[in-house]
J.: 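What follows is a structure written as C-alpha cells; I'll ask about it next.
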Amino acid sequence: MEVTGAGHRVVHGGREFPAPTEITDSVMAKLRTLCPLAPGHQPYNLAGIEAVARHWPGTRQIACFDTAFHQSHSRVAQLYALPRALSDEGILRYGFHGLSYAYIAGRLPEVLGERLAQGRVIVAHLGSGASLSALHGGKSVDTTMGFTALDGLMMGTRCGQIDPGVLLHLMREHGMDADALERLLGRESGLLGVSGISPDMRDLLASRAPEAAEAVALFVHMILRQIGALTATLGGLDALVFTAGIGEHAPEVRARVMDGLGWLGLVPDVVANQAQDIVISAPESRVVTAVIPTDEEAVILRALRELTP
C-alpha cells in the first residue's frame, strides 16, 4: 500500500502551533514537551505519528491541533488569576475539541444561514469528553476547557470544574500525590464516579438506579450553568448546536438542556428532537437549536490536502 501523506489529531499545540503543521523532528520534540498537559491524549497522538514514520518512512505527516481553534481568544479569556510569571510561562486557558468546533463552524452557514452563523452561537460538544465553545463571527471567543482537558463540564470519567481547595484537601488529608490525583480526576470521576455504574450515558439513561439519575442530572446542571456563563460572555444567544456522541444521539439529554433554557426564549420542538431532526427548536424559539454531527477527520483531511501537494 502506498501512503503519500498522513494527518493526525494532536490534542495540545500550546501557544506555538496555531495552525496545522508539517511534522519534523523539531516539531516532535516540542510536542513531547506538552505531554504533561494532556497525559491521557498527547503520548498516544505522538505514538501514531511515530508508527507511520516506522512503517512508511519518508511519508509527509501533518499535525492538526485541538487547541488551535481557540487561538482567537482575547488575552483576558486566556488568563488565570495567577502571578504574571506563570502566565508568561504558558499556564493559560487553551481550550480543546478545536477540530470538532472548526468543522461545526464551517457547517453553520449551510444549516443556520449566514446571518445566524455569524451571530452568537454556543456549540455543545457532548461526548465522553465534553465541552462548550462560544462562537461569534464563526470564531471562538471562549470555551469551558482550560489549561488541560480536565476543566469545564463533567465528562465520562473526568471531573470537570472543581474547587482547587478540594485538591489541596486530598493531598493533605488523604495523602494523594500527583499520580493519584491524575487518576482520580481523569479516570475515576465524572459520570462513572458519581453513578458508580458506568461512564456511558446510554447505560445511565437505561438504568433505574438513583445514582444513575443523579449523575445525569449533574451532567445537565453543569451544562446549563456553563451555557449561562458563555451567554453572558457573548451578550446573548442566537443559536445552540449539539454535537458529538451524547449531543447527537441522546434526545433526552438535549431535551433537559433545552427545557432549562426557557429563560433565553428557547422553545424546543419535542417531535423534531425525538426524530433526530437537524433543527430541534420550534419556529417561534428565540434561540435556534440544531444537531450537527461532527467530523474531525474531514478537518484533518482538508488540512492534509492543503499542506501536502
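Basis for what follows: all heavy atoms, side chains included, without hydrogens, waters or symmetry-related copies.
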J.: So if you build clusters from Ile, Leu, Val, Met, Phe, Trp, Tyr with side-chain heavy-atom gaps below 4.5 Å, do V141 and M145 land together?
T.: no
J.: Indicate every side-chain donor-acceptor pair of residues 275-282 with a distance under 3.5 Å to a residue at least two apart or in another chain.
T.:
{"unit_1": "Q276", "atom_1": "OE1", "unit_2": "R254", "atom_2": "NH1", "d": "3.4"}
{"unit_1": "Q276", "atom_1": "OE1", "unit_2": "R254", "atom_2": "NH2", "d": "2.5"}
{"unit_1": "Q276", "atom_1": "NE2", "unit_2": "E248", "atom_2": "O", "d": "2.7"}
{"unit_1": "S281", "atom_1": "OG", "unit_2": "T289", "atom_2": "N", "d": "2.9"}

J.: By the ring-ring contact (aromatic ring centres under 6.0 Å, His included) test, which pairs, at least two apart or in different chains, include something from residues 198-218?
T.: none
J.: Do the rings of Y94 and H12 sit parallel, tilted or perpendicular, given the 30° and 60° boundaries?
T.: perpendicular
J.: Would you mind listing every side-chain hydrogen bond (donor to acceptor under 3.5 Å, both in side chains) that reaches into residues 156-185, with sequence neighbours excluded?
T.: none
J.: How many angstroms lie between CD in E284 and CG in D269, if you round to the nearest 0.5 Å?
T.: 8.5 Å
J.: Is E22 atom CD crowded by more than 12 heavy atoms from other residues, nucleotides or ligands, each under 6.0 Å away?
T.: yes
J.: Checking T243 against H125: is there a side-chain donor and acceptor pair closer than 3.5 Å?
T.: no
J.: Show, in sequence, the C-alpha distance, side-chain angles and deciding distance for H8 and I62, and conclude whether the side chain to side chain contact (heavy atoms under 4.5 Å, CB included) test is met.
T.: CA-CA 6 Å; H8 301 266; I62 68 162; over 6 Å; no
J.: Between L135 and V123, which heavy-atom pair has the shortest distance, and what is it?
T.: CD1-CG2, 3.9 Å
J.: Determine the sole option in I292, T294, D295 for which the side-chain contact (heavy atoms from CB on, under 4.5 Å) test with R107 is passed.
T.: I292
J.: Where do R32 and E50 land on the salt bridge (charged side-chain N to carboxylate O under 4.0 Å, His left out) test, with the steps shown first?
T.: CA-CA 12 Å; R32 288 190 187 97; E50 292 164 347; 3.1 Å; yes
J.: So L204 and I197, side chain to side chain contact (heavy atoms under 4.5 Å, CB included) or not? Walk me through it.
T.: CA-CA 8 Å; L204 300 182; I197 296 171; 4.1 Å; yes
